[in-house]
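What follows is a short report on a single structure.
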Amino acid sequence: MIRDAALVAAKDLRLELRARVGMGQVLPFAVLVLLLFAFALDPDRGVLERATPGLFWVGVLFSSVLVLQRSFGVEAEDGILDALRLSGMAPAAIFLGKVAALVVQLAVLEVVLGVGVVVFYDAQPAHAPLLLSVAATATLSIAAAGSVYGALSARLRSRDTLLPMLLLPLLAPVLISATRGFEVGLEGHAGGGWSWVALLGVFATLYLALGAFLFRPLLEDA
Amino acid sequence: MIRTRPNPPKNFPSTGSTYRRRCLVPDVGATVPLGRSAGRVDGPDRPPALAPIVRLRSAVALLGRFPALAGVDLDVGRGEILLLRGPNGAGKTTLLRVCAGLVPVTSGTATVLGEDLVRDRTAVRRRVGLLGHATHLYQDLTVAENVSFWARASGSTVEEGRAALERLGVARRLWDLPVHALSAGQRRRTSFAAMVCRRPELWLLDEPHAGLDREGRDIVDGLMVEAASVGATVVFASHELDRATGVAHRSVTVEGGVVQGGLLAGDAVPAGRGS
């Protein structure tokens, strides 16, 4: 299973390197969202500083929808879902491979957005271990939940609009927890922040288990 | 009635033994001798103890609520090349997809490669190769990357994928091109290579000659004949009857979701049903 998951992850990352959709479209979109928030809130600098964690994660969530649409859109083209079903790879391995590739792509996105909030919003990462832990668990949650709903909507003609409508409400708890965790991390008081990491860890575990269990029927129905 | 195996096409590609062993010999265990002569697969010489590779009885398959297959009776023997004839919309593609385990059988019985498709249609999938109208290729990956991925995904090696590409006549200079830059014919050959390198025991081909030039068609015909000669089974649908009937051992007509003449000689017809 690990071999198949690594194969799928490597294929997805190679696809991204070839097509450069993330680099060419998603990253500029994410930076643009940050800039627009800065333009809208800059007159009241205090509001911008207080809203930084939320704006960061809203930017990540919106951008992740684009990454997910691309990731599952290519699987829906030209009979590839059939080929995946015929390949003999375990559906759970395909799911884990997709999640792994998404985690890498979202991590790159978050690094860029992280630099963006430091530059544009004057954010100061006071407690890096907490911030990194929040980012890691939240990213895993987004990738796992996104893969479940990405597969669900893959073959639907309305997938471009359906995916964000299904996914964003589901990720609201992740958005809240990651935002609270980042607030604590930016303030430098790590103590209360680890409970948010633990909660995000529960979300990530839940979505991963759900995805590994559900991916076979999702692949069949896709 | 099964006809005598025809001679291979004039441009039958060379049958390198390494390729034969790596890419065409299915994992069929010790019950079937490998590399048997072409004549062995004809009806009269088929070992009587072997059950048909494909056995459908009164099989019904629905697409939505439409009965794309409306009670199919069909047997296909090991090493046989079976041609499915019939007009558009007759159910040929659905029949191939049922045999691949992609479309459920809602009533009747269906056994493919010993697997009961009614009970579990996933087990047979890794043992069949399906080439349909879609290419099953990632447009942004190169030819070599695509074939390598599908080879490894099915447990074959990268070398087997490359051997298949060479066998399909995909020029090496094209291997590093993304698939979207290829012509339709080269995409078809690449797609065929990705299927062949999986070493399927049952080849399910939907219009395998479509989009190919004469050389490519000859290669495909040669591969079908060679696959059957080493014990794989080929079921293909084609509208190019002149070419297809020259390759097939037997042909059946699919029309209105049923197969006419789908049973092998001597097989019992279910009570109350015609064949």
Side-chain angles (χ1 to χ4, degrees), chain A residues 1-25 67 69-98 101 105 154-156 214-222, chain B residues 27 93 96-97 99-104 120-156 158 176-181 184 187-188 190-191 194-195 197-204 206:
Chain A
M1 180 177 286
I2 292 172
R3 186 197 75 92
D4 287 346
L7 188 64
V8 171
K11 178 266 298 174
D12 271 17
L13 292 174
R14 192 170 289 119
L15 267 172
E16 173 48 34
L17 283 174
R18 293 273 184 273
R20 298 189 183 280
V21 171
M23 293 290 289
Q25 296 173 27
V67 176
Q69 282 173 337
R70 162 72 183 166
S71 176
F72 284 89
V74 294
E75 308 293 3
E77 293 172 357
D78 221 359
I80 287 175
L81 282 173
D82 281 346
L84 284 173
R85 290 196 280 171
L86 291 170
S87 70
M89 290 190 291
I94 298 172
F95 168 74
L96 292 175
K98 302 290 291 181
Q105 293 175 73
R155 210 177 259 180
L156 300 175
L214 286 180
F215 213 69
R216 180 183 291 276
L218 288 176
L219 209 56
E220 291 298 318
D221 292 338
Chain B
D27 296 323
T93 299
L96 293 172
R97 289 174 62 80
C99 292
L102 292 174
V103 173
D120 177 16
R121 61 192 166 94
T122 62
V124 77
R125 291 177 181 168
R126 65 167 63 230
R127 299 169 64 189
V128 306
L130 174 68
L131 185 70
H133 300 291
T135 65
H136 299 172
L137 299 173
Y138 293 99
Q139 299 297 307
D140 290 320
L141 292 185
T142 66
V143 168
E145 287 167 345
N146 263 293
V147 174
S148 168
F149 173 73
W150 291 117
R152 294 180 64 195
S154 57
S156 300
V158 174
D176 292 328
L177 283 182
V179 164
H180 65 70
R187 273 184 228 183
R188 191 72 170 167
T190 305
S191 181
M195 190 212 78
C197 71
R198 302 180 58 210
R199 292 174 293 167
E201 294 168 61
L202 174 61
W203 295 31
L204 301 164
D206 200 356

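We name chains A, B, ... by the order of the sequence lines, and we start the count at 1 in each one.
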Among the listed options Gln139(B), Arg97(B), His133(B), the residue most often paired with chain A at heavy-atom distances under 4.5 Å: Arg97(B)

Looking at side-chain heavy atoms only, is the closest gap between Tyr138(B) and Glu77(A) below 4.5 Å? no

For chain A, which candidate among Ala194(B), Ala134(B), Pro178(B), Ser191(B) shows the most heavy-atom pairs at distances under 4.5 Å? Ala134(B)

Please name the pair of heavy atoms, one in Ile80(A) and one in His136(B), separated by the smallest distance, quoted to 0.1 Å. CG1-C, 3.9 Å

CZ/Arg152(B): more than 12 non-hydrogen atoms of other groups inside 6.0 Å: no

What part of Thr122(B) gets closer than 4.5 Å to chain A, counting heavy atoms only: side chain, backbone, both or neither? side chain

Looking at Arg18(A), is its backbone amide N or carbonyl O close enough to the side chain of Asp140(B) to form a donor-acceptor pair, meaning the two atoms are under 3.5 Å apart? no

So, does Arg14(A) use its side chain to make a donor-acceptor pair with the main chain of Glu145(B) at under 3.5 Å? no

Is the CZ atom of Arg3(A) crowded by more than 12 outside heavy atoms at less than 6.0 Å? yes

Side chain, backbone, both or neither of Arg121(B) within contact of chain A (heavy atoms, under 4.5 Å): side chain

Contact origin within Leu17(A) toward chain B - heavy atom pairs under 4.5 Å: neither

Ranking Asp4(A), Val74(A), Asp82(A) by heavy-atom pairs under 4.5 Å to chain B gives rank one to Asp82(A)

Donor-acceptor pair, side chain of Arg85(A) and main chain of Arg125(B), under 3.5 angstrom: no

